[in-house]
Each structure stands twice: as C-alpha cells, then as structure tokens.
Chemist: 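One structure is given below, represented as structure tokens, and several questions about it will come after.
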Amino acid sequence: MSKLSLTGKELRNIGYPEGPVISIAMNIMQKAYKHESKETALAVLSSILASPQDYSTDEILGVIANQLLPQQELEHNGISLNQTGIQFNIFGQEHIEEGAMHQMYTAAKLPVAVAGALMPDAHHGYGLPIGGVLATENVVIPYGVGVDIGCRMCLSIFDINPQELVQREHYFAREINEATLFGSGAQFKQAADHEVMDHEAFGLLPLLKQLHGRAWKQLGTSGSGNHFVEFGEVSIAETDGILQLPAGQYLGLLSHSGSRGLGSNIANHYTKVAVSKRRLPLEAKNLAWLDMAEAEGQEYWLAMNLAGDYASACHHIIHDKIAKQLGRKPLKMVENHHNFAWKEILDGKEVIVHRKGATPAGKNVLGIIPGSMTAPGFIVKGKGEAASINSASHGAGRKLSRTKAMQSITEKQLRDELVKHNVTLLGGGLDEAPFAYKDIEEVMKGQKALVDIVGRFTPKIVKMDGTPVRTRKSQKQDIAEGE
DNA sequence: ATGTAC
C-alpha cells in the first residue's frame, strides 16, 4: 500500500513541464519512494529537474531524468533555452500560483524573448501562462496567443434604467435566451450573416477554406467554459474624458467569447507546424515560434487576424440582435480582445506582443475586466505602463481549477450566493461559481499602476453554458407564471 | 478553449 500520493499539479508547481514526464515521474516515485514523505519526493524531483544530467545514469530516477534532458537539442534543428531569462515584471505576485511563475520563467529563457510581464490574475496554462505577456522580435508563438484566438469582451451601454432588469426580469432573460447559443460544438441551423465570412483569407489558405462552412454556422454563438452573455447595471461615478458618458446608471449588455472552432483549429494547426519546425527543450516545447519572414509565420498572422475579426463579428451579431429587440442603439460600445498578438513599438523597436489572457492597456485605451457571475466587472482606461508592456489582467483569474471547483462547491452554495447578489443565472456550472475565482477587488488593487477605473458593471442576468441552476426566486416566479 | 482528441 503506497503512502505517497503525488498529483500532476504538484509536479507542475515545482516546474515540471506538460507532457509524458508528469505521469512517468508520478509512477516511478510512487513505487520507488512509497515510504517517503511527499516533501522528500518533491525535493528529489526538484533536484532531478534542476540537473537531469546528474541523474541520467541512475537505474531508477534516470528514466525521469532522460525525459527531462533536451534530446532534441542534439538534433539538427534543436534550439536551446538561454541560461538566464530576461527580466520581467510581476503584478500582484501574492495572488499568483507557482506553476504560472515557472511557465513565465521558462518563456523568459526563449532566445526570441525581448520583454515579458505577468498580470495579477495569472494562472497555469498551456505554453505561456494565462495572464502572461511576452514580446518577441520578428517571430510569433501560436501558443503565446492561446487556443481561443481573439477571445474578447464586448459591452453595450444603453440609456435604459437598469431597474428594469429587476422589474422585467423575465423579459430580459428571454431576450438573452433567444439571441444566444451556447455549447461546445453549438451551431445555428440557419447561419447568421456577416461580411467577415467573405474575407479573402478564407480563399487564400486551404486550412481556412476547409473551416469556412462550420465557422459560418457558429457565427454568433458563444461556446462554453467561462464564456457568457449577461445584462447588468453600468455605474459611472464621474464623467471620463475618454469614455465620455455622463455620471449615472445605465443598462449594460456584456459578452465574453472567442473564435470558436475556427480559432481553435488555426491555433492547433500552426502550433503543430511550429513545434515540428523548432525543437525546443520539453518544458518550452509548446512555445515554439514561427518566423515572420517565413511563409508559415505570415500564414499564421493572416489566420490569427481573421479569427480575431470573426470573434468580433460573433459579439456584434449578439449585440445587434439584442439592441434590435430592445429597440435601442447603444450609447457606447467598449470592446477588447485578450488572446492575441500585436505589432507594437517597445523602446523604439517594433516587437510582437503576445497577450494570453491579458487586456491591452495602452495610454487611454478602454477595456473591460470582468469579475465573476456575481462580482462586479470594471470598465478601465489604460495608463500605458511600459513595465506591464501596456497590459492589465483579463479578469479575476481562477482560484480553483475546474475539477476542484466541481468537487468542493455545492449547488446550494451557488444558489445562495446568487440570491445574495440578486443575480439570475440562466445557465452555468459549478466550475464557474464565484468561489472558483480570485477576489476581483484584490486583483484590481494589484494593477492600480496599470489601469484607471472609469466604470463598474454589476451582473444581474447571466447566461453561460450548462444546465440552469435555479434560484428560489426564479422557481417561485416560474410557478407563478405556470412554466 | 475546442464537437470526437496523438
């Protein structure tokens, strides 16, 4: 009977890279070190990771060490990481998990890295951490952008009294339900229309041509995971010169989604191309890049921009539908993407800035940073802080993994929290419950130097993917209305 | 994040 129980997460937290080495190391340690403490086992694993060459001939631990040794470096295309990484700034470090820090330290050792920063909502991701910002010179890293290319926030602000959300809750809930479609593979039977589907890129690359049909049917859908469409109260404390809205309360429509299957296929395709072209040590494998001077780099750039335009179109279709149903034009719209790569000038030099779960925060640039289904979100204005490479967090950041949230949060807890905040949830699982997220107020404190708050968004009617969790209030109303 | 997966 083994006393030792290691988890993959613990290995990642001490810097073990994604890949087969995690399960190999877990298996070996659970056999060879079964009577040792977890601390001892982790210390040994750390030591192997620090200098795998010292263990490569060890009869037992050598198997782990050889997984960590960058065999690819010996191959003809092999690329080594720098011994010392570039310096990067970390904002709100006390809220950032160790795994995310390790991933950023690895990214900082890439020979193409020019500058980096970690946002206060950072957590462990695939390749670059979520909340990671990385500037490179003349190369683009597909997994530095992420799988959901162009994922973004979009807010419409209407001149409607937000009290109506309480008074006519069922009317607004129906508007969201009718205008949106959630679900992992969700497609409309009758495709929406948008000029993005006529984009020339669809004809230029075979990959994009192949993705056109499904992309069309997914146009205007929201997907799954942390994506949402919600009504809430926009509160402007004082007029801001950039947002230019009089102080007051407004009705807001806020959406969060990305480029669906289109972006996902582009990301995975070009990551594979990059990984096969540039053999990096295992821990940096998924940070393989494409050179902007080669055809694949140009292709990725074209496809990435298409996915960005497509993600934007998805939001606009939803917002247009709802605005039409409300019979109003929004006073303002604020939109920003947070999974993308941009050509920007840094210290007088053009660089490619990858933001993976980070909000652009150049001087006077508006953005939206959401909290959770019950916590407030913020309309922000960038300060143009070079130390963060003109970036801020893209949300509160997860505190609990999806699996951990599902295990530890009960439906009753979520229901009580929704009632407490007077939020109606039209769909959404326990893995998206407010308790799974960091405290957004704390995260905002960690980035005071990066953004100014110009408005507040308080969610009231929230739609996400998944079975609706019923509040007592809405159950009562359903009975009253005979649903 | 993604409809069927190195």
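Residue numbers start from 1 in every chain, and the chains themselves are labelled A, B, ... in the order their sequence lines are given, proteins ahead of strands.
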Chemist: Can you sort out which residues in residues 261-275 of chain A have a heavy atom within less than 4.0 Å of DNA chain B? Ascending by number, please.
Modeler: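 Heavy-atom cutoff 4.0 Å gives A:G261, A:S264.
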Chemist: Atom CG in A:N89, atom CD1 in A:I389: separation rounded to 0.5 Å?
Modeler: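 A:N89 CG to A:I389 CD1: 8.5 Å, rounded to 0.5 Å.
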Chemist: Report the distance from atom CG of A:L207 to atom P of B:dT2, rounded to the nearest whole Å.
Modeler: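 Rounded to whole Å, this separation is 17 Å.
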Chemist: Between A:L211 (CG) and B:dT2 (C1'), how many Å, whole number?
Modeler: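 Nearest whole value for this atom pair: 12 Å.
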Chemist: Taking the six-membered ring for Trp, are A:H337 and A:H315 closer than 6.0 Å centroid to centroid?
Modeler: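 No, the ring centres sit 6.0 Å or more apart.
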Chemist: Quick one: label A:S259 by what it contacts on the DNA or RNA (base, sugar-phosphate, nothing), any heavy atom closer than 4.0 Å.
Modeler: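 Touches nothing.
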Chemist: Would you kindly give the NZ-to-C1' distance between A:K285 and B:dC6, to the nearest whole Å?
Modeler: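 To the nearest whole Å, that distance equals 9 Å.
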Chemist: So what does A:G225 touch, heavy atoms closer than 4.0 Å: a base, only the sugar-phosphate, or nothing?
Modeler: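 Contact class for A:G225: sugar-phosphate only.
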Chemist: So, using ring-ring contact (aromatic ring centres under 6.0 Å, His included) as the criterion, who are the partners of A:Y310 when residues are at least two apart?
Modeler: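 Once residues adjacent in sequence are excluded, A:Y310 has no partner under the ring-ring contact (aromatic ring centres under 6.0 Å, His included) criterion.
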Chemist: Calculate the interatomic distance between A:Q218 atom CD and B:dT2 atom C1'; express it in whole Å.
Modeler: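 Rounded to whole Å, this separation is 9 Å.
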Chemist: To the nearest angstrom, how far is A:Q187 atom CD from B:dT4 atom P?
Modeler: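 That distance rounds to 11 Å.
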Chemist: Quick one: list whatever passes ring-ring contact (aromatic ring centres under 6.0 Å, His included) with A:Y105, sequence neighbours left out.
Modeler: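 A:F88.
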Chemist: Is the closest basic N to carboxylate O distance between A:R152 and A:E335 below 4.0 Å?
Modeler: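 Yes, this pair counts.
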